Protein chains: 2
Amino acid sequence: MAFLDFNHERFKPGFEITSTFVVTNNYRMKDTEITNLLHNANLRVTKSRKEVLQALSETGDQAISSNEIEQKLSEIDRITLYRILKAYEDAGLVHSIADGTGKKKYAMCSSNCSEGDHQDNHVHFYCRVCDTTSCLNVVIPTNLKFPTNYLVEEQQFVVSGICKDCHNQ
Amino acid sequence: MAFLDFNHERFKPGFEITSTFVVTNNYRMKDTEITNLLHNANLRVTKSRKEVLQALSETGDQAISSNEIEQKLSEIDRITLYRILKAYEDAGLVHSIADGTGKKKYAMCSSNCSEGDHQDNHVHFYCRVCDTTSCLNVVIPTNLKFPTNYLVEEQQFVVSGICKDCHNQ
DNA sequence: ACAAAGATGCAACTTTGTTGCGTAAGGGGG
DNA sequence: CCCCCTTACGCAACAAAGTTGCATCTTTGT
């Protein structure tokens, strides 16, 4: 856990991003992969749960809302979906983003998103043209000089504007 | 406007915060001040609008929800309040924060928050204990090395955890 | 003071999200 | 393979946030 004390220390996060920006794959997971993922997370394997993970893996780095998942799956119950997403978030399989649109967006955690004390420490981008939120493969460094008094548990860095696809038109 | 291109340039914002963390005043604005503020923003001066600005100025650096404002004012219509807040946001008098709670929080813009192309470029902190969101007097620098392709218009940096008051107990 | 422009207030509605509870299904033990 | 406990599902009902339309009232420039 990092500490904040803006009175005594400089707030100098010192971004030093080493990774370049690469769009993560829109990989359609195999059934066995999904089952293993659920097993490892101590979650029961059900039809709905597998479908939700499937849907999230297909969208890749693009974060989608509960409603969008519901439409992709058509058969799933709305309330069940909420509960599944909550379970996934608690388990660290999925992270949610408040992108300013008022709707929570969900995306699969990448492998570097550790369970338990899991932080979603990458930058998100919201495009106001195509109304999509995506995960950028750019990590908010955890070695920020956060001083005392404030206990920092999570950080969300959402950049909004126009994404590369919409901007090139 | 800054540009993003994670392929060619390092995402190296290079935080260099010069201001220290100081809680801004919970200053109760005078009636004439409020009137001037509205005039300068080309907004009509009405009872409700003055009261909303009053309420927001009283909370100071603490961002509050539409609902909280409604309760402080008791007489105001819920829908009118939404419209007032929208008008204030458009005019650059007020900025909103998506702190992850699902409710939009509002706070007055400080003087360095320029109108028009107004960015709310300071860090926000959400405390999960007292359930409050506050503006930190710490600015996200605008000289981030944002390269091409992505057009960056706004940035929101929300840090959450436990605030100094709740942590010292 | 008048008239146009704009703000207000009410109704009705949509969307998002939550809670409770009976039923169905998963999965470990025998 | 079946039983049974635990957990997930699905429905209803509800709560809260936010939007739209429209008639009425208020502000403000002339």
Side-chain angles (χ1 to χ4, degrees), chain A residues 31-32 34-55 63-91 93-106 126 131 133, chain B residues 31-32 34-55 63-91 93-106 126 131 133:
Chain A
D31 194 82
T32 50
I34 290 176
T35 303
N36 284 337
L37 213 54
L38 289 171
H39 268 145
N40 293 339
N42 276 318
L43 293 169
R44 285 194 179 173
V45 182
T46 69
K47 184 167 166 283
S48 300
R49 292 195 167 175
K50 290 203 285 184
E51 285 175 348
V52 172
L53 272 188
Q54 190 71 263
I64 55 177
S65 66
S66 175
N67 185 286
E68 287 170 298
I69 298 172
E70 200 184 336
Q71 286 171 350
K72 277 175 82 107
L73 270 56
S74 70
E75 292 275 308
I76 201 167
D77 180 67
R78 199 173 56 93
I79 290 90
T80 301
L81 178 52
Y82 278 122
R83 289 197 265 234
I84 288 175
L85 290 170
K86 171 121 185 24
Y88 285 176
E89 233 187 317
D90 292 344
L93 294 178
V94 160
H95 63 276
S96 66
I97 305 113
D99 58 10
T101 62
K103 302 174 198 174
K104 247 188 183 176
K105 304 291 171 65
Y106 298 88
Y126 171 70
D131 188 41
T133 301
Chain B
D31 194 79
T32 51
I34 290 177
T35 304
N36 284 338
L37 213 54
L38 288 170
H39 269 145
N40 293 339
N42 276 319
L43 293 170
R44 288 196 176 173
V45 183
T46 69
K47 183 167 168 283
S48 298
R49 290 195 169 177
K50 289 204 286 186
E51 286 175 350
V52 172
L53 272 188
Q54 190 72 262
I64 55 177
S65 66
S66 174
N67 185 285
E68 287 170 296
I69 299 172
E70 199 185 339
Q71 286 173 347
K72 276 175 83 105
L73 270 57
S74 68
E75 291 274 307
I76 202 166
D77 180 68
R78 198 173 56 95
I79 290 91
T80 301
L81 179 53
Y82 278 123
R83 290 196 264 232
I84 288 176
L85 290 170
K86 172 117 179 30
Y88 285 176
E89 232 186 320
D90 291 346
L93 294 178
V94 159
H95 63 275
S96 66
I97 304 112
D99 59 10
T101 61
K103 303 174 196 173
K104 250 189 182 176
K105 304 290 172 65
Y106 298 88
Y126 172 71
D131 188 41
T133 303

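Chain letters run A, B, ... following the sequence lines, proteins first, then strands; residues in each count from 1. This one's a predicted model, so the numbers in the text were calculated from it and none came from an experiment.
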- Angle by which the axis turns from one end of the helix from C:dA1-D:dT30 to C:dG30-D:dC1 to the other, five pairs per end, to 10 degrees: 30°
- Note on the structure: Correct closest heavy-atom pair for A:Thr101 and A:Asp99 would be OG1-OD1, 2.6 Å
- Taking atom NZ of A:Lys72 as the centre, does the number of heavy atoms from other residues, nucleotides or ligands within less than 6.0 Å exceed 12? yes
- Step-by-step side chain to side chain contact (heavy atoms under 4.5 Å, CB included) determination, A:Leu93 to A:Leu43: CA-CA 11 Å; A:Leu93 294 178; A:Leu43 293 169; 4.1 Å; yes
- Item | By salt bridge (Lys or Arg N to Asp or Glu O under 4.0 Å) - contacts of A:Glu51 (at least two apart) | A:Lys47
- Query: Are any side-chain N or O atoms of B:Tyr88 and backbone N or O atoms of B:Arg49, one a donor and one an acceptor, separated by less than 3.5 Å?
  - Reply: yes
- A:Lys104 has an atom NZ; how far is it from atom P of D:dA16, in whole Å? 18 Å
- Item | Length of the CG-C1' vector between A:Leu38 and D:dA8, whole Å | 12 Å
- Query: Given that A:Arg78 and B:Lys103 both sit by DNA chain D, which one's nearest nucleotide is further toward the 5' end?
  - Reply: A:Arg78
- Figure out the OH/C1' separation between A:Tyr82 and D:dA13, and round it to whole Å. 15 Å
- Could you list by number each residue of residues 44-53 of chain B showing a heavy-atom separation from DNA chain C of less than 4.0 Å, or answer none if no residue does? B:Arg44, B:Thr46, B:Ser48, B:Arg49
- Query: Which of residues 63-77 of chain B have a heavy atom under 4.0 Å from DNA chain D?
  - Reply: B:Asn67
- Query: Does the side chain to side chain contact (heavy atoms under 4.5 Å, CB included) test come out yes or no for B:Glu89 and B:Leu85, once each step is laid out?
  - Reply: CA-CA 6 Å; B:Glu89 232 186 320; B:Leu85 290 170; 6.0 Å; no
- Item | Heavy-atom closest pair, residues A:Leu38 and A:Arg44 | CD1-O, 4.3 Å
- Message: Run the side chain to side chain contact (heavy atoms under 4.5 Å, CB included) test on B:Asp131 and B:Tyr126 for me, step by step, so that the C-alpha distance in whole Å, both residues' side-chain angles and the decisive distance to 0.1 Å come before the verdict.
- Response: CA-CA 7 Å; B:Asp131 188 41; B:Tyr126 172 71; 2.5 Å; yes
- What integer distance in Å separates B:Lys86:NZ from D:dT19:P? 8 Å
- Nearest atoms (heavy-atom pairs only) where B:Lys104 meets A:Gly100: CE-O, 4.4 Å
- Between B:Ile79 and B:Ala87, just flag the one whose closest nucleotide in DNA chain C comes earlier from the 5' side. B:Ala87
- Task: Taking heavy atoms of chain A and a 4.0 Å limit, find me the 5'-most and 3'-most nucleotide of DNA chain C within that range.
- Result: C:dT16 to C:dG27
- Whole-Å distance, A:Ile84 CD1 to D:dA8 C1', equals 8 Å
- Identify the heavy atoms of B:Tyr82 and B:Ser66 that sit nearest to each other, and give their distance. CE2-OG, 3.7 Å
- Message: Regarding B:Asn67 and B:Ser65, do their side chains bring together a donor and an acceptor under 3.5 Å, going by distance alone?
- Response: no
- Query: Who passes salt bridge (Lys or Arg N to Asp or Glu O under 4.0 Å) against B:Asp31, sequence neighbours left out?
  - Reply: B:Lys50
- 4.5 Å side-chain heavy-atom contact, A:Ile76 and A:Glu70: yes
